[in-house]
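By convention in this document, chain letters (A, B, ...) are assigned in the order of the sequence lines, proteins followed by strands, and residues within each chain are numbered from 1. Small disclaimer: the values here were computed from a predicted structure and weren't measured.
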Amino acid sequence: MLTRSFKCASGHRPVGPPLGRGATPKPTANSTRPPPYTPFKALSLLFETTYLTVLYTEYKNLNYAALAEGVLAHWKETNAFEQSVALREGRPTFTFYEGPPSANGMPGIHHVMARTIKDIFCRYKTLKGFQVPRKGGWDTHGLPIELQVEKELGITKDHIGKTISVADYNQKCRETVMRFTDRWNDLTEKMGYWVDLEHPYVTYETNYIESVWWLLKQLYDKGLLYKGYTIQPFSPKAGTGLSSHELNMPGTYKDVKDTTVVAQFKVKPNGKSGFLFFDSADADVYILAWTTTPWTLPANSALTVGANIDYVLVKTINPYTFMPVHVVLAKNLVGRWLNEKGRVDSINSRSGGPSAFDAYLSTDNRNRSGAPAGAIIPWALVSEFKGQHLEGIEYEQLMPYVQPDPAAGKPFRVILGDFVTTEDGTGVVHTSPTFGADDFRVAQQNGIPAIMVKDETGKDVPIVDRQGRFVAEITDYAGRYVKEEYYSDEERADPDFKPTDVLIAIQLKEQNKAFRVEKYEHPYPHCWRTDKPILYYPLDSWFIRTTTMKDRLVELNKTINWQPESTGTGRFGNWLENLVDWNLSRSRFWGTPLPIWRSETREEVCIGSVAELVEHVQKALASDVLTEEQRANDEAFIAAHAAGNVDLHRPYSDEIYLVSETGLLMQREPDLIDVWFDSGAMPYAQWHYPFENKDKFAQSYPADFISEGVDQTRGWFFTLHAIAGMLFDSVAFKNVVSTGLVLDKNGQKMSKSKGTSIDPFITLSEYGADATRWYMMTNTEPWDNLRFNLDGVAEVQRRFFGTLTNTYNFFALYANVDGYRIEQFDRVPREELPELDRWILSKLNTLVREVEASFEAYNPTKAGRLIQDFVNDQLSNWYVRLCRRRFWAGAADASEMSHDKRAAYQTLQHCLASVAQLMSPIAPFYADWLYQNLTAAVREESIARNTPFRHDSVHFTDWQPVAEDWIDTDLEEAMALAQQISSMVHALRKNHKLKVRQPLSRVLIPVVSVGQATGTMQRQIEQVAPIIESEVNVKSVEFVADASGLLTKRVKPNFKALGPKFGKQMKDVAAAITAMTPDELTQLETTNSLQLAGFNLQLTDVEILTEDVPGWVVAVDGPLTVALDVTVTDELRREGIARDLVNRIQNLRKDQNFDVTDKINVALERNNDLLSEAVEANRDYIQQEVQAVSLELVTGLNGSAVEIEMDEFVLKMKVERV
RNA sequence: GGGCUUGUAGCUCAGGUGGUUAGAGCGCUACACUGAUAAUGUAGAGGUCCGUGGUUCGAGUCCACGCAGGCCCA
């Protein structure tokens, strides 16, 4: 519960100006008070007996979490969120899209961060007058849910359709996915995230799926949806593809020994490859590429190199054929394949004698089999170049069994790829688009065709069939398994058995196409079902042809405002530049089914709505093609449709049978679609567009703002962008904030097992949402990773919220005493406001301007820090501190309040209410609480007269306009000088042990700087001199001009001005300036020109500082110099003692619990001349300050006298109530 | 391996377009104030601005190459 301590104005606590100048607070008459204000019902109960006398509740030991709970309860009761939206009916819409979370896991602290960002800008835009509908949403499909269900049921994918029906399985998924919805909703409320949880979109709902189908149909009709293949892990023995998840299961990677080949790809001499033939035009040049899967070599159609990798051309000898060859490979890997001992400087002999090559090959050197015995193969470096120079070079097909389709692109070229490494191999990757995922991608990007053959139906298929055997076209190896593990044990036991890879290696050796053949041990993935090696194999997939729209997508992206910009241009931009077609297919169970039905002869139909499906089903039923069972299923669908409970998920959609134009049975393509398409479809599907809500969709498209983690770049950000760009030629969002991660306090990923993860519910209940949100927003810019430290939240709470609450309490305390009510109409005119008021109001308006700019730029960090600095440094530590006396001075009745006091109340109240609004997007509970406390007392009046405070919640208010004419930059500068000078004087006092209570006579400020600035500065300081005087307790602020001769000046070079003029001579100039004589300086100052060591100087080339004022103590800070007169005259000394005395007497009053209105008699022991003099000289002052009716100096003080420590002596004193 | 990003005091962070003495808050130490007081003020200690090289009269800032952390992709 909220704890509080409330004392009414007539209560027992000393309130108001207890001892000041006879100010006696009077209890104010209740009858004149407005109706009681109850911020929130829950709280009001506490105040029932006392609130009648209070306008502003005061809070002690505020519990921020409880505060938030109270506000939340009030919001719920009043439907505040709904009101905030309804209030803006008819205003322009600001559209926000909620990226749907998956509710099958618990929310974490990072969700608080992500959702705070979303909330901030939606709230801000509401304040700015926009209507901001915020529809929540849930992402409900996908693998994680399937896996969770399987885990809970203790099954694997193999069981689906066997021990559990697809229908039951999917039902289980549907139940599981929304399991934590309650917890999510709870967090959403507690953290103060305003989003419509009542009407969220849910991706598994039929209406949602129908919209998704409609989108797919649009793509299909535009020819953007096609069936192709992707390279996936495939198990020929199990006859099935494997998901990456299945591949990541433990034990799938095993070390195997494979036959590997470094193949020689013969370069075609032409313009591009010319530089490789420079040294020997008639030599053959080969590019070396290493493969651990020689069986894929007949499918080679490109070689991939790294653009920035260094390659070399080497002359050497083929170890199998002994033919001299020139080979290309990565420089770093020469040592991997060629023995360093064989290196020779030159290819040819210079001496005319036999070269190393000749020697190696000479017959003398051969053994019986004709091979050079024991000799190391010589080699020589010919040239070196970057990979990019190899791009486009053509080579001869290595194993020309099958020619690619010429229409499909130009094969047998060198291309560039970012996946090439020099860790192993030759730095050149043998590329086969049908048997490698990288290969496929890079081939697609470079227009490299795949080596394919036609099957009996005329369809393109790879050169290895689904059993893992070569097709007939690979004549030499037709029917052979590509992996020896696919043969039976008996076959492999045959002594003549040779694995296919070995046979290929032998063939290549004989043809001078193999540079090296060796066994190599490496980990290779195996099928978890069959334990046999998997193949990377092309499997049917449906694609969206994003590549054809690439340029447009890139172009559209340039119109999006990314925060931070680098995510848009870098991560996202690069992704778009390297776009490949979007593989839509997923072989799963729980997801949106692909709405395409196909016949055996590839007649197909893409269904774009339930109605369309019904129509097709009816047509099928009218034909005589369907079996009994198929007919029954189709009829079941029609019945379900009539009953209004169509479910488009598997297995139901699988069991719908259609009939083609030519009378053939059509079945649904069994794939589901990528769940990312679901979420990318939300702008349309959340409204069931185009079947319903066309107007709503039109109003809310595209989004003005979205925000998600940077990890969504290729996820949601992309799918939104792709669908919008391809189908609507539009962006899906105009502004996007991509947020970083939330790490633990050591910068590591939070982990449950290490105990470093933060439970958001605990955090919120301990610190409240406001401090948590404020900390997250102000500690780090949200796109940087946040190191989340609870100590930081505590600090924010103490330092920012604590200070602000203190400031409010200060206001409330005195306002209650004085019965001050916010004056909305009878304001003290600006001209009559004191300097400090005009200053803080100027600062406030500057703040509003800057905070607005920061929010407009989607930078909540800057906004929060600005507000925080204003509250802590300007409002609390300067304005309130310096104005304290104004609040307790003078009459304590509103009707008699002085102008000055009213001004103080009005100013402080205005600042607090403004801050409440500025901070409300970030700290919504606290800001509302503050607003309520400040303004509820005038609510009725405000409603009646239609003022800004008429709203029940700060979140309903209109953003305050910047009052430009209140901004007084000159005054702000002046006050900054006052602050700086005060700080410097405090420092001087400190260093010279002169406490602030000791008055000093004067502060001297030398004004020597050049030109106009001098005049400005002096004028500005004069303007705030009284503030400085009272702040640092000096009698006067004086200026000393140059001419006084009092000053010692120093000259410094102004590098910024000198740089462009003297450049390289800088050192000399600087030295000359530093060594300048006083006479020279005088000349420079008077004539603005000086010839010095051959340099022509002007006044602006130097900075002149006062270093010292002889006889004074001096502080220097930048251009400012402050001298303090530390002479304590007898009179000052006496005054200081008098002040000390007042202080001690006040303490005694406090110790003895005197009431603020009590008058006292004071008796002092006359034992010290200094004291006597001080008392006599300041008697009136002392008596007034401590409300003493008498002040006597007596000898021999008796009775209840106490001993008091003064600086220089001990004093006996007696204080009695009258 | 590639793309993006971060690296400044013990901790969390500021440091337009290069300008010679790098700042703030917290924490620590000392002192002051004591009618905002579990607040506040002042001072002190605390830095190889990740490293190396370069450009420049001058580099925390610009360039190159590295190192370390993070995300995404392979």
Within less than 4.0 Å of OP1 or OP2 of rC72(B), is there a side-chain N or O belonging to R571(A)? no
Taking it one step at a time, do R1144(A) and D1140(A) satisfy salt bridge (Lys or Arg N to Asp or Glu O under 4.0 Å)? CA-CA 6 Å; R1144(A) 302 301 192 274; D1140(A) 258 353; 3.6 Å; yes
Could you check which nucleotide pairs with rA38(B) in any of the strands shown, counting Watson-Crick or G-U wobble with both distances under 3.5 Å? none
Among the nucleotides rU17(B), rA36(B), rU42(B), which one has an atom lying closest to any side-chain atom of K1056(A)? rU17(B)
Sorted by position of nearest nucleotide on RNA chain B, 5' first, the leading residue of M1066(A) and A987(A) is A987(A)
Atom-pair distance (CH2 on W783(A); C1' on rC72(B)), nearest Å: 19 Å
For D791(A) and rG10(B), what is the distance between atoms CG and P respectively, to the nearest whole Å? 18 Å
If you look at every strand shown and take non-hydrogen atoms under 4.0 Å, does V420(A) touch a base, only sugar-phosphate, or nothing? sugar-phosphate
Rounded to the Å, how far apart are W676(A) CH2 and rC73(B) P? 9 Å
So which nucleotide does rC33(B) pair with, by the Watson-Crick or G-U wobble rule with both distances under 3.5 Å? none
Hunt down the Watson-Crick or G-U wobble partner of rG44(B), both distances under 3.5 Å, from any strand shown, or write none. rC28(B)
Is there a side-chain polar atom (N or O) of T780(A) under 4.0 Å from OP1 or OP2 of rC13(B)? yes
Could you tell me how far rC73(B) sits from rC11(B) if I compare only their P atoms? Round to whole Å. 32 Å
Check whether any side-chain N or O of N1143(A) sits under 4.0 Å from OP1 or OP2 of rU34(B), and answer yes or no. yes
Rounded to the nearest angstrom, tell me the gap between atom CD in Q797(A) and atom P in rA39(B). 13 Å
Say you pick atom P in rG41(B) and the same atom in rA36(B); how far apart are they, in whole Å? 13 Å
Gap between atoms CG and P, on L882(A) and rG41(B) respectively (whole Å): 13 Å
Residues H430(A) and L303(A): closest non-hydrogen pair is CA-CD2, 3.9 Å
Taking rU42(B) as the reference, what is the distance to rG25(B) when you measure between their P atoms (whole Å, please)? 9 Å
Look only at the side chain of K550(A) and the backbone of E577(A), and say whether a donor-acceptor pair between them is shorter than 3.5 Å. yes
With both distances under 3.5 Å as the test, what is the Watson-Crick or G-U wobble partner of rU52(B)? rA64(B)
From rG70(B), rC13(B), rU42(B), pick the nucleotide closest to the side chain of S983(A)? rU42(B)
In the structure shown, which nucleotide is the Watson-Crick or G-U wobble counterpart of rC57(B), with both distances under 3.5 Å? rG19(B)
Pair partner, rG1(B) [Watson-Crick or wobble, under 3.5 Å]: rC73(B)
Side chains of V428(A) and V420(A): closer than 4.5 Å at any heavy-atom pair? no
Would you measure the distance from the C1' atom in rC49(B) across to the matching atom in rA22(B) and give it in whole Å? 8 Å
Base, sugar-phosphate, or nothing for S566(A), non-hydrogen atoms under 4.0 angstrom? sugar-phosphate
When the P atoms of rU61(B) and rA74(B) are considered, how many whole Å apart are they? 35 Å
Below 3.5 Å, does any donor atom in the side chain of T803(A) face an acceptor in the base of rA39(B), or the other way round? no
N or O in side chain of R989(A) less than 4.0 angstrom from rC33(B) OP1/OP2: no
Along RNA chain B (nearest heavy atom to each residue), the more 5'-positioned of D784(A) and L875(A): D784(A)
Name the closest nucleotide to the N574(A) side chain, picking from rU42(B), rA36(B), rG3(B). rG3(B)
Counting just side-chain N and O atoms, does N877(A) come under 4.0 Å of either OP1 or OP2 of rG41(B)? yes
Compute both the distance and the angle, then confirm whether R336(A) meets the cation-pi test with W290(A): under 6.0 Å from the six-membered ring centre, within 45 degrees of the axis. yes
Taken to the nearest 0.5 Å, the spacing of I117(A) CD1 from W783(A) CH2 works out to 7.0 Å
Among rC72(B), rG70(B), rC13(B), which is the nearest nucleotide to the side chain of R865(A)? rC13(B)
Once you round it to whole Å, what is the distance between C1' of rU42(B) and CD of Q979(A)? 16 Å
Nearest to the N785(A) side chain among rG70(B), rC72(B), rC4(B), which nucleotide is it? rG70(B)
Examine rC33(B): is either OP1 or OP2 under 4.0 Å from a nitrogen or oxygen in the side chain of R997(A)? Give yes or no. yes
W878(A) vs I1027(A) side-chain heavy atoms within contact, under 4.5 Å: yes
If you measure from the P atom in rG16(B) to the same atom in rC62(B), how many Å do you get, rounded? 10 Å
Nearest-angstrom distance, P atom, rG60(B) to rA68(B): 24 Å
Ignoring the backbone of N806(A), work out which of rC72(B), rC71(B), rA39(B) is nearest its side chain. rA39(B)
To the nearest 0.5 Å, how far apart are CG in L333(A) and OH in Y311(A)? 9.0 Å
Rounding to an integer number of Å, can you tell me how far N789(A) CG sits from rG10(B) P? 17 Å
Per atom distances to the R714(A) side chain, the nearest of rU5(B), rC73(B), rG25(B) is rC73(B)
Looking only at atom C1', what distance separates rU21(B) and rC26(B), rounded to whole Å? 24 Å
Nearest-Å distance, CZ (F810(A)) to P (rU37(B))? 10 Å
